[in-house]
Amino acid sequence: MEIYDIIFYLFAAITLLSAFFVVTSRNIVHAAFYLLFTFFGVTGIYVLLGADFVAIVQLIVYVGGILILLIFGVMITNKITQVDIKTGTVHTLPAAIGVGLFTGIVGAVILNTEWRIVDSPMPVATLSTLGEMLLTEYVLIFELLGILLLVALIGAASMARK
Amino acid sequence: MRDYFLKFWEGLYTIMIGMKVTFRHLFVPSVTIQYPTVKPQLPERERNRLYVNMDDCIGCDQCSRACPVSCIEIETVKSTPGDDLGKTSNGKKKALWVTKFDIDFAKCCYCELCVPPCPTDCIYMTDVYEFSEFERDSLLYDFATLTQEEREIKKKNFKEFQVKKEAEKAAAAKKAAEAKAAAQKEKPNAKTDKPTDDKKGTD
Amino acid sequence: MIYEWLYNITGSSILSMFVVSLLPLFVFILPFALLAVLAERKVSAHMQDRLGPMRVGYHGILQTVADIIKLLQKEDLVPAATDKKLFNFAPLLVFAGSYAVFAAIPFSSIFIGSQIQLGIIYIVAVTGLVVAGILMAGWASNNKYSLLGAMRSAAQIISYEIPTLLIILTIIMITGTLSLYTLSELQTSYFWNWMILGGPATGLQKILYIPLMIIGCLVIYISTLAEVNRTPFDIPEAESELVSGYHTEYSGMKFAMFFLAEYANMFAVSAIVAIIFFGGYQSPFGYLGNAIGLHWLVPIEQFFWFTAKGLFFVFVQMWLRWTLPRFRVDQLMAFCWKYLIPISFVILLLAGLISLI
């Protein structure tokens with residue numbers, strides 16, 4: 001077991017545990033803060049996979065932006081702690097069937113796939129390739145996304161002015 | 001648009017001016033006085049702790065009466081004829097033993113009202129201002145110069161003297177009464193003086 | 001690189017990694033915080049014609065040491081109505097966020113935590129953790145002042161991140177790199193190669209860059225100042241309004257962690273400005289080590305220049321603190337959205353046009 005394996009399992013544990021707590025926590029604010037660790041763990045896994053730019057964008061967008069907005073939203077709501085979050089179990093039977101099926105399929109896929117283990121070289125910086133790809137091959141999608149975000153921005157601004 | 005840039009420039013410019021001022025002050029010698037090591041120059045008429053020069057005190061109680069917070073307590077005993085109390089520096093003859101001269105600085109408000117009435121200028125303000133104590137009782141200053149025994153002796157002396165005087169008086173009164181009685185016998189018409197004389201005798 | 005050197009000595013990658021990651025803390029942040037707290041008090045005192053701490057050691061040099069001993073001895077007080085888990089975790093998160101920044105800062109050509117390619121963006125990203133930590137502290141304290149302070153702080157940091165990022169984007173566009181190490185290496189040898197004077201560009205381009213870079217430097221300095229909640233942008237911990245903002249309820253070592261994080265942040269943003277615009281660890285006049293043939297001296301000189309530049313900007317932060325009054329919340333937002341962001345957009349655009357020449 002190398003140090004990178006240890007780090008990987010650490011991040012995986014952080015991600016899974018915190019995701020579990022996000023779902024089960026009865027306090028909305030706690031859930032929101034657990035989400036922070038989920039995002040953080042995912043960032044770590046991205047880094048270990050050699051996707052440095054994606055990792056950092058994950059950190060900027062999710063931790064620095066979306067999560068903060070989420071926490072703001074949660075904090076501004078009235079009665080943060082007294083809200084009854086329904087985490088009781090309903091429809092146990094259909095849920096069990098569904099989950100069982102899903103687990104079965106995923107498990108089957110994992111077990112039956114022939115995983116090829118490749119000694120990957122030390123990950124190199126993906127940034128310049130990513131940038132070139134964005135502005136050549138995927139330029140249309142990139143522009144469309146830009147327009148979508150701009151529309152969303154203008155919409156939000158016009159809604160806020162009302 | 002022009003306004004916008006002007007505002008921006010003005011903000012920047014005024015910040016620069018402010019920074020120039022603060023930077024200059026970085027090198028202005030500081031006004032802080034390192035108190036316990038360097039003591040500030042006190043004004044000429046500062047009012048601090050009182051001091052009583054007991055050599056000059058005649059025990060007149062003027063200061064105690066002037067005090068607005070009654071922090072001065074004086075007790076005196078009259079001297080007996082044989083005592084020599086000496087004179088004050090301005091030539092007044094002392095006539096009272098001061099057996100108690102307490103100033104409670106926990107009460108004192110440093111108003112200096114006790115100083116002007118003093119006929120011998122024996123109570124005055126000093127420049128001592130560091131006399132904090134851990135207990136309130138320690139702020140009760142006793143200025144009387146007599147020792148505790150001496151005070152008792154003076155009190156006893158005065159009492160004895162008083163008793164003696166009383167006895168003398170009584171004897172004198174007796175004598176006078178006898179003399180009067182003798183005179184009355186001679187002059188029965190002098191009746192009006194009698195009640196007053198009786199009073200004197202009993203006093 | 002220090003990591004390779006340690007690896008050669010110890011032969012253990014885990015150990016050398018550990019040592020390298022702790023190095024900035026013990027070699028730099030702690031001594032810096034000790035010094036900066038004292039310097040802050042001394043500078044503020046002298047700017048107000050006072051003396052500041054004078055009793056502990058010669059001219060109060062050991063004052064911060066005494067303060068730290070006091071903080072260590074203090075009882076770890078947790079108010080009853082707080083959200084204990086978050087309350088205890090928040091200082092760690094804030095400190096981790098501000099400490100993580102130091103991983104990418106090149107102190108010298110051999111002393112970098114990680115030669116990460118995305119240096120600047122990484123720094124901007126981990127600052128997000130600080131925001132989350134501040135919000136956590138504010139909410140967990142269960143105190144109206146703390147919550148208000150945290151809200152203000154988060155709003156302020158998020159808003160001022162935009163002009164910072166735009167200026168950084170301009171620099172990225174001109175230099176074509178995100179690595180702070182490469183950025184420092186680009187501005188090598190003499191001060192006219194610094195980005196503030198147009199960087200490594202030549203001719204007309206360089207002359208055209210200069211005004212843009214000066215304004216950009218101002219913008220980024222102001223907005224990073226706002227990001228570390230220093231006066232005049234200290235509304236999150238405005239003493240006269242909010243007691244002390246999000247760390248009102250903290251005492252002892254937890255407070256010390258916030259404090260350390262604040263000072264570490266102060267240096268981090270100063271270092272970013274120094275790296276981006278003032279050549280990072282590069283000496284303005286060439287190196288003495290190269291001139292007299294002692295090449296091992298160069299990294300030490302670089303470390304000296306880097307700290308000197310960083311400390312100068314920290315000093316300017318203190319200087320500004322005692323010059324300017326605090327912003328009002330609406331003024332703060334107006335200043336960011338109406339002035340800094342449009343200006344940085346214009347700079348981005350113009351720099352892009354100029355780079356095409």
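Excluded from the calculations below are hydrogen atoms, water molecules and symmetry mates; all remaining heavy atoms, backbone and side chain alike, are included. A, B, ... follow the sequence lines: proteins, then strands. Residue 1 opens every chain.
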A.B. asks: Heavy-atom pairs under 4.5 Å with chain C are the metric here; pick the option from B:Val31, B:Thr22, B:Val28 that has the most.
C.D. replies: B:Thr22
A.B. asks: Tell me whether the count of non-hydrogen atoms from other residues, nucleotides or ligands lying under 6.0 Å of CG in B:Asp3 goes above 12.
C.D. replies: no
A.B. asks: Should the pair C:Asp67-C:Arg41 be classified as a salt bridge under the 4.0 Å nitrogen-to-oxygen rule?
C.D. replies: yes
A.B. asks: Whether the C:Glu227 and C:Thr164 side chains hold a donor-acceptor pair (N or O, under 3.5 Å, no angle test) is what I'd like checked.
C.D. replies: yes
A.B. asks: For side chain to side chain donor-acceptor pair (under 3.5 Å), just list the numbers for C:Ser153 and C:Asn229, CA-CA rounded to whole Å, side-chain angles, deciding distance to a tenth of an Å, and then say yes or no.
C.D. replies: CA-CA 7 Å; C:Ser153 177; C:Asn229 303 334; 3.3 Å; yes
A.B. asks: Please determine, among B:Thr14, B:Val21, B:Ile15, the option with the most heavy-atom pairs under 4.5 Å with chain C.
C.D. replies: B:Ile15
A.B. asks: What I'd like to find out is whether the side chain of C:Arg55 reaches to under 4.5 Å of the side chain of B:Gln34, using heavy atoms alone.
C.D. replies: yes
A.B. asks: In terms of heavy-atom pairs under 4.5 Å, which option from C:Ile343, C:Leu51, C:Val43 contacts chain B the most?
C.D. replies: C:Leu51
A.B. asks: Check each atom of C:Leu324 against the heavy atoms of chain B and say whether the ones under 4.5 Å are side chain, backbone, both or neither.
C.D. replies: side chain
A.B. asks: Which atoms of B:Phe27 come close to chain C, meaning under 4.5 Å heavy atom to heavy atom: side chain ones, backbone ones, both, or neither?
C.D. replies: neither
